[in-house]
Protein chains: 2
Amino acid sequence: MSQLDERIGYLVKQVQQAFRRACEEQLRSVGLSMSQYAVLRALADAPGAPAAELARRTFVTRQSLRDVLTGLKEAGLASVAAQPSAGRALPVTLTDSGRLMLDQAERIVMEVESRMLITLPPGDVRQLATLLTTCAENLA
Amino acid sequence: MSQLDERIGYLVKQVQQAFRRACEEQLRSVGLSMSQYAVLRALADAPGAPAAELARRTFVTRQSLRDVLTGLKEAGLASVAAQPSAGRALPVTLTDSGRLMLDQAERIVMEVESRMLITLPPGDVRQLATLLTTCAENLA
DNA sequence: TGAGGAATGTAAGGATCCTGACATGAGGAG
DNA sequence: CTCCTCATGTCAGGATCCTTACATTCCTCA
């Protein structure tokens, strides 16, 4: 039996939870959740993408994304077109308000990420990125 | 701005979600969720621990753990003592049924973990563990 | 002895995420 | 053209997780 300290699945969960926790703590000052941040971020990377595409980019289901999108619409941070652009796809866009919020949130999240990596030399960070990418590919 | 591919926070989330997804998919065959598995696992490592201790070990709050524990009790996999052992702490234990279930689940999760790491030489796995541990410590 | 702190249990409410199911629109195979 | 498949949107229900709040028990310290 492997030691718990070496179980990658366990460690990944631990880091993900700690990172999420730390981010939520800081994001609370601007009234944003980590889930909402993730959607805003995806929205900035893919303006006008349908909700289903945003769901894929944030690793959740369409149904889950709807829950978060509801909150973002109510907060005036995102906007869903009334008419489909192609097929049934309704383009989602960032509002001006959403863009400003994302800028603030981005700074906060980057700070937490920096803190998480503060003791690691750049080479180690690149290596970590490579290893994690490999893990993701192996599970795909 | 960093490329998304190199954002460790993003990659950790991706891997964690993929791992969880893959595990849930396989665990469904024995009727267990990943959250439940995590609690059973913690319970095996700390027999008779109070719920609050299990919560710490699974990185969730006491309140969240209660939700999962309710399901485990209903499924007859865990048992909560009626009388406190010390203070208000109610010892939680695995039932025989729970132990059998954990054995099955453990094999399933180990298989998924192996698949995730299949292309990585042992040295890389150890380094990944080291890097992740460092990240967790930096956020603590 | 009594006040306060720390840990635990519990409850309520809300946010996020899931599966399952169904309807709709686009595009290809026959 | 019609049937089929696929992608998208939507709804319902349930599981998990969170914050906030309060009660209880033990321990420390004045």
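Just so it is clear: chains get the letters A, B, ... in the order the sequence lines come, proteins before strands, and each one is counted from 1.
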**Student:** Tell me the interatomic distance from B/Arg56, atom CZ, to D/dC18, atom P, rounded to whole angstroms.
**Tutor:**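 Distance check: B/Arg56 CZ to D/dC18 P gives 14 Å.
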**Student:** Using a strict heavy-atom distance below 4.0 Å, which residues from residues 23-33 of chain B are in contact with DNA chain C?
**Tutor:**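 Per residue number, the list reads B/Arg28.
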**Student:** Whole-Å distance between D/dC17 C1' and B/Leu54 CG?
**Tutor:**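 Whole-Å distance recorded here is 16 Å.
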**Student:** Measure the shortest side-chain to side-chain distance between A/Gln14 and B/Leu132 over non-hydrogen atoms and say whether it is less than 4.5 angstrom.
**Tutor:**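 A/Gln14 vs B/Leu132: side chains apart.
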**Student:** Quick check on DNA chain D: between A/Glu53 and A/Lys13, whose nearest nucleotide comes earlier from the 5' end?
**Tutor:**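 On the 5' side of the pair lies A/Glu53.
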**Student:** Can you give me the N/O atom pairs linking the protein to nucleotides 22-25 of chain D at distances under 3.5 Å, or say none if there are none?
**Tutor:**
residue : atom : partner : partner atom : Å
D/dA23  : N3   : B/Arg88 : NH1          : 2.8
D/dT24  : O2   : B/Arg88 : NH1          : 3.4

**Student:** Are A/Asp103 and A/Arg107 close enough, and set up right, to give a salt bridge (Lys or Arg N to Asp or Glu O under 4.0 Å), and what steps lead you there?
**Tutor:** CA-CA 7 Å; A/Asp103 287 344; A/Arg107 271 194 296 276; over 6 Å; no
**Student:** Using a heavy-atom cut-off of under 4.0 Å over every strand shown, decide if B/Leu65 touches base, sugar-phosphate, or nothing.
**Tutor:**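 Nothing, no heavy atom under 4.0 Å.
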**Student:** Using a cut-off of strictly less than 4.0 Å, decide whether A/Arg66 has a side-chain nitrogen or oxygen near OP1 or OP2 of D/dG9.
**Tutor:**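 Negative; the distance criterion is not met.
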**Student:** Measure the distance from CD on B/Gln63 to C1' on D/dT20 and round it to the nearest whole Å.
**Tutor:**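 Distance, rounded to whole Å: 9 Å.
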**Student:** For residues 22-34 of chain A, which residue pairs qualify under salt bridge (charged side-chain N to carboxylate O under 4.0 Å, His left out), counting only residues two or more places apart or in two chains?
**Tutor:**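 Found A/Arg20-A/Glu24.
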**Student:** Measure the shortest side-chain to side-chain distance between A/Val112 and A/Cys23 over non-hydrogen atoms and say whether it is less than 4.5 angstrom.
**Tutor:**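 The answer is yes, as the side chains (C-beta and beyond) meet within the 4.5 Å cut-off.
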**Student:** Does A/Arg20 put a side-chain nitrogen or oxygen below 4.0 Å from OP1 or OP2 of D/dC18?
**Tutor:**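 No, no such contact exists.
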**Student:** What distance separates A/Leu11 CG from B/Thr133 OG1, expressed to the nearest 0.5 Å?
**Tutor:**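 A/Leu11 atom CG to B/Thr133 atom OG1 measures 4.5 Å (nearest 0.5 Å).
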**Student:** Could you state the atom-to-atom distance from CZ of B/Phe59 to P of D/dC18 in whole Å?
**Tutor:**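 These atoms are roughly 12 Å apart.
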**Student:** Please list, chain by chain and in numerical order, all residues satisfying salt bridge (charged side-chain N to carboxylate O under 4.0 Å, His left out) with B/Glu113, sequence neighbours excluded.
**Tutor:**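 Applying salt bridge (charged side-chain N to carboxylate O under 4.0 Å, His left out) to B/Glu113 gives A/Arg7.
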**Student:** Want to settle it: does A/Asp67 or B/Val60 sit nearer the 5' end of DNA chain D, counting the closest nucleotide to each?
**Tutor:**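 Its nearest nucleotide being more 5', the pick is A/Asp67.
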**Student:** Is it the case that the side chain of A/Arg41 and the backbone of A/Glu106 share a donor-acceptor pair, with hydrogens and angles ignored and the cut-off at 3.5 Å?
**Tutor:**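 Not at all, since once roles are kept as given, no pair shorter than 3.5 Å links the two residues.
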**Student:** How far does the helix from C/dT1-D/dA30 to C/dG30-D/dC1 bend, going by the axes of its first and last five pairs, to the nearest 10°?
**Tutor:**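 Terminal axis comparison yields 20°.
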**Student:** Does the side chain of B/Leu72 come within less than 4.5 Å of B/Ser79's, by heavy atoms?
**Tutor:**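 No; the side chains remain at least 4.5 Å from each other.
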**Student:** Here's a test of your reading of the structure: between B/Pro50 and A/Gly71, which maps to the more 5' nucleotide of DNA chain C?
**Tutor:**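 Whichever sits nearer the 5' end wins; that is B/Pro50.
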**Student:** Measuring from A/Cys135:SG to B/Arg115:CZ, what's the distance to the nearest 0.5 Å?
**Tutor:**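 So the SG of A/Cys135 and the CZ of B/Arg115 are separated by 12.0 Å.
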**Student:** First and last nucleotide of DNA chain C touching chain A, 5' to 3', heavy-atom cut-off 4.0 Å?
**Tutor:**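 From 5' to 3', the first and last contacting nucleotides are C/dT16 to C/dA26.
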**Student:** Are A/Val15 and A/Met116 packed together at the side-chain level, in the sense that at least one heavy-atom pair is separated by less than 4.5 angstrom?
**Tutor:**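 Yes, their side chains come closer than 4.5 Å.
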**Student:** A/Lys73 NZ to D/dG9 C1': how many Å, rounded?
**Tutor:**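 Between C1' of D/dG9 and NZ of A/Lys73: 11 Å.
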**Student:** Evaluate the side chain to side chain donor-acceptor pair (under 3.5 Å) criterion for residues A/Gln26 and A/Glu111: first the C-alpha distance (whole Å), next the side-chain angles of each, then the deciding distance (0.1 Å), finally the verdict.
**Tutor:** CA-CA 10 Å; A/Gln26 300 300 316; A/Glu111 273 172 26; over 6 Å; no
**Student:** Any sub-3.5 Å donor-acceptor pair from A/Gln36's side-chain atoms to A/Ser33's backbone N or O?
**Tutor:**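 It does hold such a pair.
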**Student:** Please tell me if the side chains of B/Gln17 and A/Val60 come closer than 4.5 Å, counting only heavy atoms from C-beta onward.
**Tutor:**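 Of all side-chain heavy-atom pairs linking A/Val60 with B/Gln17, at least one is under 4.5 Å.
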**Student:** What do you reckon, are the aromatic ring centroids of B/Phe19 and A/Tyr10 less than 6.0 Å apart?
**Tutor:**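 No.
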